[in-house]
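By convention here, the first residue in the shown sequence is residue 1. Quick caveat, the model's predicted, so the values are computed rather than measured.
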Amino acid sequence: MFNGRVTVKRLVVPARGLNGARVDGLVVDGTAYVVGPNALISLGGGSYVVALQEAVSPGRTGSGLVALRAYVSDSSLGLAPGTQLLVGMARAAHPAAATSQASVVLGLPQLPAAQASLAGVPTFLPRRDLQIPDIDIPTNTLGGQAVSLAFQFLGIPYIWGGSTPSGFDCSGLTMYVYRQLGIKLGHYTGFQYYEGRRVPRQQLEPGDLVFFHANSAGVPQHEGMYIGNGAFIHAPHSGDVVRVSSLYDTRYALSYVGAVRPYAAGASSSPTWTSVSG
């Protein structure tokens with residue numbers, strides 16, 4: 001794919017569920033990856049590849065599995081921005097009744113394109129109860145690319161200490177997203193508050209990190225990523241999922257601490273903490 005930037009030896013796609021699914025020999029831009037479900041690998045410029053992702057099709061019940069999904073945000077890849085490439089769909093394999101309980105091995109050259117009809121192509125939509133504001137996110141900035149990546153994780157459960165697509169806490173989500181774009185952040189809200197340039201509230205841009213709920217020492221205990229129009233995406237707390245909230249919501253408006261731009265120079269000196277959480 002993409003003139004050899006993405007190569008894979010074999011995809012194993014179960015007829016049902018994720019059990020036994022594999023992506024063997026995945027190499028992206030010369031780096032070999034061993035991937036699990038929902039692993040995300042950046043292609044730069046806001047483009048990325050996701051491995052072993054479940055999806056739903058409009059008008060259908062249940063979900064299907066796609067071995068590799070590539071999202072194109074950068075026209076330098078040779079496709080129009082917004083294009084998605086789906087490789088290795090269980091539904092497209094059409095296993096025979098006698099083998100429907102077994103995994104179907106899809107060698108890339110072996111699957112006839114006609115089998116992957118558009119009627120069976122799944123779409124990747126957030127849960128319907130998680131509203132996304134109608135905001136034009138600029139993908140020509142690092143912050144905009146970060147927001148576009150973060151949107152892919154709407155509905156992922158909150159897990160304390162989580163920093164992978166299987167579960168995030170608030171700082172784990174922002175750390176994971178910016179890591180795909182080459183920006184390293186610490187896994188603690190108190191650290192990230194000092195890892196970037198401070199941004200006044202009236203100058204917030206997509207991708208800026210917003211902080212809430214200061215403790216007695218003034219250190220924020222929660223954070224999210226600003227989207228625009230007063231909205232931000234975050235992993236709120238145990239029992240919840242990654243979702244979009246509003247800065248104007250009373251609980252966040254009254255506890256707002258400040259914001260930083262993590263990819264901008266001018267970070268403040270960070271104090272030293274021994275505890276890691278949040």
Side-chain angles (χ1 to χ4, degrees), residues 130-133 135-151 153-154 156 158-163 168-238 240-278:
L130 303 174
Q131 297 181 357
I132 299 180
I135 301 173
D136 185 18
I137 305 299
T139 56
N140 61 339
T141 68
L142 271 174
Q145 293 169 24
V147 171
S148 295
L149 288 174
F151 271 170
F153 305 118
L154 284 167
I156 295 295
Y158 177 99
I159 296 179
W160 189 90
S163 60
F168 292 107
D169 63 14
C170 64
S171 60
L173 172 63
T174 53
M175 180 184 74
Y176 182 88
V177 168
Y178 268 110
R179 186 170 61 199
Q180 311 312 309
L181 300 173
I183 306 296
K184 294 183 178 180
L185 300 174
H187 191 184
Y188 176 44
T189 297
F191 293 157
Q192 294 188 21
Y193 186 53
Y194 294 91
E195 294 179 316
R197 178 168 57 82
R198 293 291 170 81
V199 180
R201 188 164 180 164
Q202 64 273 19
Q203 296 178 15
L204 286 172
E205 295 180 1
D208 291 346
L209 303 183
V210 288
F211 297 85
F212 311 91
H213 304 302
N215 63 14
S216 59
V219 179
Q221 303 299 295
H222 184 62
E223 68 178 292
M225 182 182 296
Y226 188 69
I227 298 170
N229 289 2
F232 65 100
I233 185 171
H234 64 141
H237 51 74
S238 296
D240 208 334
V241 297
V242 175
R243 64 173 59 251
V244 172
S245 296
S246 172
L247 291 177
Y248 306 115
D249 186 315
T250 302
R251 81 189 93 172
Y252 301 116
L254 295 180
S255 64
Y256 183 80
V257 176
V260 300
R261 190 161 297 153
Y263 53 90
S268 303
S269 298
S270 176
T272 299
W273 292 283
T274 56
S275 63
V276 178
S277 63

Asker: Quick check for you: to the nearest 0.5 Å, what is the distance between Leu204 atom CG and Ile227 atom CD1?
Answerer: 12.0 Å
Asker: Would you call Val147 and Ile233 a side-chain contact if the rule is heavy atoms closer than 4.5 Å?
Answerer: no
Asker: Mind listing the closest non-hydrogen atom pair of Leu149 and Gln180 along with its distance?
Answerer: CD1-CB, 4.0 Å
Asker: Got a sec, which residues hit salt bridge (Lys or Arg N to Asp or Glu O under 4.0 Å) with Arg251, two or more places apart in sequence or on another chain?
Answerer: Asp249
Asker: Could you tell me the separation between the CD atom of Glu223 and the CG atom of Leu209, rounded to the nearest 0.5 Å?
Answerer: 5.5 Å
Asker: Do you know which two heavy atoms are closest between Pro220 and Val257, and how far apart they sit?
Answerer: CB-CG2, 4.2 Å
Asker: Going from CG on Asp208 to CZ on Arg197, what distance comes out if it is rounded to the nearest 0.5 angstrom?
Answerer: 8.5 Å
Asker: Using a 4.5 Å cut-off on heavy atoms from C-beta on, say whether the side chain of Phe153 contacts that of Val177.
Answerer: yes
Asker: Any sub-3.5 Å donor-acceptor pair from Tyr188's side-chain atoms to Gln192's backbone N or O?
Answerer: no
Asker: Rounded to the nearest 0.5 Å, what separation is found between the CZ atom of Phe168 and the CD1 atom of Ile159?
Answerer: 9.5 Å
Asker: Do you know which two heavy atoms are closest between His187 and Ser171, and how far apart they sit?
Answerer: CD2-OG, 3.1 Å
Asker: Using every non-hydrogen atom in the two residues, find where His222 and Ala235 come nearest and quote the distance to one decimal.
Answerer: CE1-O, 3.3 Å
Asker: Got Leu173 and Ile156 here, is their nearest side-chain heavy-atom distance under 4.5 Å?
Answerer: no
Asker: Any chance you could measure His213, atom NE2, to Tyr252, atom OH, to the nearest 0.5 Å?
Answerer: 6.0 Å
Asker: Find out whether Thr189 and Phe211 are in side-chain contact, i.e. whether some heavy atom of one side chain is under 4.5 Å from a heavy atom of the other.
Answerer: yes
Asker: Between Pro236 and Arg243, which heavy-atom pair has the shortest distance, and what is it?
Answerer: CG-CG, 3.9 Å
Asker: Tyr158 versus Asp169: any side-chain heavy-atom pair under 4.5 Å?
Answerer: yes
Asker: With Thr141, which residues qualify under side chain to side chain donor-acceptor pair (under 3.5 Å), at least two apart?
Answerer: none
Asker: With respect to Pro262, which candidate in Thr174, Leu181, Leu185 satisfies the side chain to side chain contact (heavy atoms under 4.5 Å, CB included) definition?
Answerer: Leu185
Asker: On a heavy-atom basis, which atom in Tyr193 and which in Val260 lie closest, and how many Å separate them?
Answerer: O-CG1, 3.2 Å
Asker: Quick one: sort the Tyr256 and Phe212 rings into parallel, tilted or perpendicular, breaks at 30° and 60°.
Answerer: perpendicular
Asker: Hey, does the side chain of Glu205 reach the backbone of Gln203 with a donor-acceptor pair shorter than 3.5 angstrom?
Answerer: no
Asker: For the side chain of Tyr178 and the backbone of Leu142, is there at least one donor-acceptor N/O pair under 3.5 Å apart?
Answerer: no
Asker: Within the distance-only criterion (no hydrogens, no angle test), does the side chain of Glu195 pair as donor or acceptor with the backbone N or O of Gly186 below 3.5 angstrom?
Answerer: yes
Asker: Can you label the angle between the Phe232 ring and the His234 ring as parallel, tilted or perpendicular, going by 30° and 60°?
Answerer: tilted
